[in-house]
Amino acid sequence: MENFKIDVDADGIALITFDVPGRSMNTLTGKVMQEIPEWVERVKSDDAIKGAVLTSGKSSGFCAGADLGDMAAGMLTGGSLQDAFDAGWRLNGALRALETCGKPVAAAINGLALGGGLELTLACHYRVVGDSPKIQLGLPEIKVGLFPGGGGTQRLTRLIGVQAAMMAMTEGKSFRPNDAKGAGMVHEVVPVGTEIEAAKAWVKGGGKATQPWDDKGFKLPGGGPYHPAGIQNFLVGNAMLKKQTYGNYPAAMNLMKAVYEGVQLPMDAALRVETRYFIKTLMTPQAQGMIRSLFLSKQELDKGALRPADVPKSDPKKVTVLGAGMMGAGIAYVNAMAGIETILIDRDQDAADKGKAHVEELLKKRLSRGQLTQDKFDALLASVTATTDYDHIKGSDLVIEAVFENREIKADVTKRAEAQLEPGAIFGSNTSTLPITGLAEASVRPEDFIGIHFFSPVDKMMLVEIILGEKTGKAAIAKSLDYVMKIKKTPIVVNDGRGFYTSRCFGTYVAEGMAMLEEGISPILIDNIGRMTGMPRGPLEMHDDVALDLSVKIAKQTAEDLGDAYQPLPGSEIVRKMVEDLGRYGRKNGKGFYDYDQKPKVIWSGLADLAPVKVDDSTPEMVEDQKRRLLFRQAVEVARCWEEGVIDDPREADVGAILAWGFAPWTGGPITYIDQYGLKAFVEQADAYAAKYGDRFSPPQLLRDMAAKGETFYGKFSGQKAAA
Ligand code: NAI
């Protein structure tokens with residue numbers, strides 16, 4: 001075997017060490033899945049083996065789960081349904097053979113065990129886990145449009161009950177070792193380094209070689225569907241799932257079905273039910289889009305797939321952040337967490353200190369959760385220097401500017417900072433709206449000037465949008481990507497333009513909500529429709545979050561910049577009145593489309609006068625049409641960005657849309673949405689919307705041409721954006 005090593009000790013205990021060669025982390029590759037039955041058979045049939053302990057040979061973790069690239073390729077290669085079932089059954093069958101091999105098997109979990117990795121341990125009779133804050137145990141498959149297909153839906157429910165297991169699986173939540181023990185997922189938490197010893201001691205001490213569910217008289221904790229308490233889990237669970245997912249995720253519904261049917265059956269039959277639903281889910285366009293964007297593409301971007309290969313790798317050690325406000329302080333925090341020395345500069349010492357205090361607050365949260373030791377906390381905090389003195393910039397590899405969104409102020413700090421910068425250092429602006437090429441005019445080294453656009457809150461949002469000005473050089477791209485990789489965020493690289501990629505396309509979602517309001521659709525219905533499309537919040541709620549006064553400011557700035565070419569957006573007069581006449585700025589002052597002085601927030605009653613409800617149709621057909629309208633408006637803008645050269649890689653467009661503004665994840669992203677809808681059908685539908693609602697829906701020529709040739713984005717452009 002390539003991936004497993006077996007050592008039998010003097011007591012007849014086989015230590016099976018899982019160690020995939022040439023990789024830093026174990027995953028369940030096709031080859032691993034082939035080898036599991038081999039060692040299971042050896043444990044079962046070798047008389048010299050009395051029992052076994054399964055552990056990992058990696059210091060990085062036990063196993064991170066299935067190799068999704070391998071799995072998707074292996075199961076979707078166009079064979080029959082029976083072939084797909086057989087491929088899906090391979091792991092389930094092997095794990096069932098493991099738990100019924102007749103000898104006690106313990107898992108010594110010496111690192112994180114996620115997805116298929118945890119499922120492997122659930123098929124062991126006993127689980128010992130190291131007491132490390134780095135270890136997580138969980139079944140996160142739902143996050144990529146799947147659910148656990150290696151027995152997890154059946155074993156976890158039988159271990160911890162339907163309610164707890166469903167919550168863990170529908171949220172993809174992971175557990176720290178002691179929480180896992182408290183929940184009943186593992187048996188023992190032991191000091192790091194003693195996992196194998198403890199697991200062997202259990203085997204030697206007469207560990208039982210059967211699973212609880214194979215014992216006669218086994219009762220499902222909390223009861224099954226025909227138990228008075230158990231029925232509640234399904235009645236309420238079903239409703240909750242619908243509320244959370246609006247039926248957009250087949251994985252969630254199929255998970256519920258696999259659990260409902262499975263817990264009423266003996267294990268062998270239950271596992272077959274799980275495999276059938278798993279394969280059914282894997283074949284949905286939703287799962288395929290999500291696996292591609294949220295796992296495969298994201299992983300490629302995380303590893304710097306688009307980094308210019310001919311620029312030597314850099315490792316930023318010192319970074320200056322100009323402006324210690326909300327964004328600057330957040331950036332200083334993520335720098336500190338990545339081990340980067342940070343100079344945090346503001347106009348006066350108080351403002352700089354306030355920024356550092358925010359860093360301290362975030363670090364304290366980690367300290368209180370046991371994720372940092374006091375020593376580490378002290379060291380990280382000390383790595384941030386709050387100052388007003390530009391001399392401290394010397395020796396920085398990178399400067400990130402996050403001062404007020406004002407061209408003159410940005411130009412001033414750019415000049416002052418550049419005076420301290422050595423050759424080879426780069427300057428990034430975190431502007432959210434001002435074109436980079438224009439800002440670079442203040443720079444004496446525009447080839448080193450680039451946009452590094454973070455999202456708020458910086459510590460939580462995983463995307464960074466890198467924006468190229470006209471003169472930005474290759475080295476600046478490579479160095480910014482090295483930086484983004486070091487702080488462990490996902491980068492996309494886009495070209496300059498008003499609102500770049502993410503702000504521009506996100507804006508269309510909010511603006512379309514305003515158009516619907518102006519047409520007289522009820523505001524409550526608008527936001528419900530928004531959530532039903534799979535967006536995280538409705539367009540009016542999001543407008544409140546972004547701030548209504550900001551939207552008025554941007555409209556004025558755009559009108560000034562565009563002159564005669566400016567066309568006011570639908571509904572902009574409603575927002576102007578709310579801000580200028582009524583002081584309603586959005587969530588930040590508790591007054592927007594909603595009133596926030598009560599919980600839950602309620603629609604502001606005065607909105608009925610400004611935007612009277614005129615549309616009384618709320619039939620399912622109308623709702624479906626308006627859901628599609630909201631997705632189309634965004635997708636058309638994404639296609640326009642493509643035509644204008646703002647974006648040019650399907651992976652960046654899809655991953656960026658989901659991570660930046662929450663574009664309905666079930667679609668796999670706007671480009672996958674267009675591809676799966678079919679270019680021809682998409683163009684026809686967009687034309688119909690354009691006739692009804694206006695030119696903003698008109699498909700760009702690129703889409704028409706591609707539709708005429710029967711092309712798709714992924715078919716035509718995959719792999720084209722080589723590292724520039
Ligand atoms: P903020 O108002 O919280 O912070 C700006 C900071 O810059 C303040 O602490 C201010 O004292 C400081 N500052 C102003 N002039 C300065 C100068 N001459 N020298 C040094 N410091 C100076 O603003 P926020 O929200 O942090 O935004 C900063 C930048 O980030 C803006 O360009 C904004 O467009 C951009 N941005 C904001 C996002 C958001 O969600 N708030 C998201 C992405 C980008």
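Everything quoted here is computed from the prediction, not taken from an experiment. Whatever order the structure lists them in is the order used to number ligands and atoms, beginning at 1.
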Minimum-distance protein heavy atom relative to atom 35 (C) of ligand 1: N430 O, 3.2 Å

Nitrogen or oxygen atoms of R347 and ligand 1 under 3.5 Å apart: yes

Numbered atoms and elements of ligand 1 in range of I409, under 4.0 angstrom, heavy atoms: 15 (N), 18 (N)

Protein heavy atom at shortest distance from atom 37 (C) of ligand 1: M327 CG, 3.4 Å

Atom indices of ligand 1, in the order listed, that fall short of 4.0 Å to a heavy atom of V413: 17 (C), 18 (N), 19 (N)

F404 to ligand 1, any heavy atom closer than 4.0 Å: yes

Residue-ligand contact D412/ligand 1, heavy atom below 4.0 Å: no

Residue G325 vicinity, atoms of ligand 1 by number, heavy atom under 4.0 Å: 3 (O), 4 (O), 6 (C), 9 (O), 26 (O)

Per-residue contact class, F454 against ligand 1 - non-hydrogen pairs under 4.0 Å: backbone

Donor-acceptor pair between S429 and E401 side chains, under 3.5 angstrom: yes

Minimum side-chain heavy-atom gap K471-T437 below 4.5 Å: no

Test item: protein heavy atom less than 4.0 Å from atom 27 (O) of ligand 1: yes

Protein residue, atom and distance nearest to atom 3 (O) of ligand 1, heavy-atom basis: M326 N, 3.0 Å

Atom 32 (O) of ligand 1: the protein heavy-atom neighbour that sits closest, reported with distance to 0.1 Å: E405 OE1, 2.5 Å

Nearest neighbour of atom 21 (N) of ligand 1 from the list D346, T433, V546, D348, on a heavy-atom basis: D346

Test: K601 cationic atom under 6.0 Å from Y594 six-membered ring centre, within 45° of axis: yes

Distance-only donor-acceptor check, side chains Y483 and D315, under 3.5 Å: no

For atom 40 (O) of ligand 1, the protein heavy atom that lies nearest, with its residue and separation: S456 CB, 3.3 Å

Pair W661 and Y501, ring centroids less than 6.0 Å apart: yes

Heavy-atom side-chain contact between F697 and F632 under 4.5 Å: yes

Lys/Arg-Asp/Glu bridge criterion (N-O < 4.0 Å) met for D545, R537: yes

K410 near ligand 1 by a heavy-atom separation under 4.0 Å: yes

Quiz item: cation-pi between R347 and F404, 6.0 Å / 45°: no

Test of ring centre spacing under 6.0 Å for H358 and Y333: no

Separation between CE of M532 and CG of L525, rounded to the nearest 0.5 Å: 8.5 Å

Heteroatom distance test (V403, ligand 1): nitrogen or oxygen, under 3.5 angstrom: yes

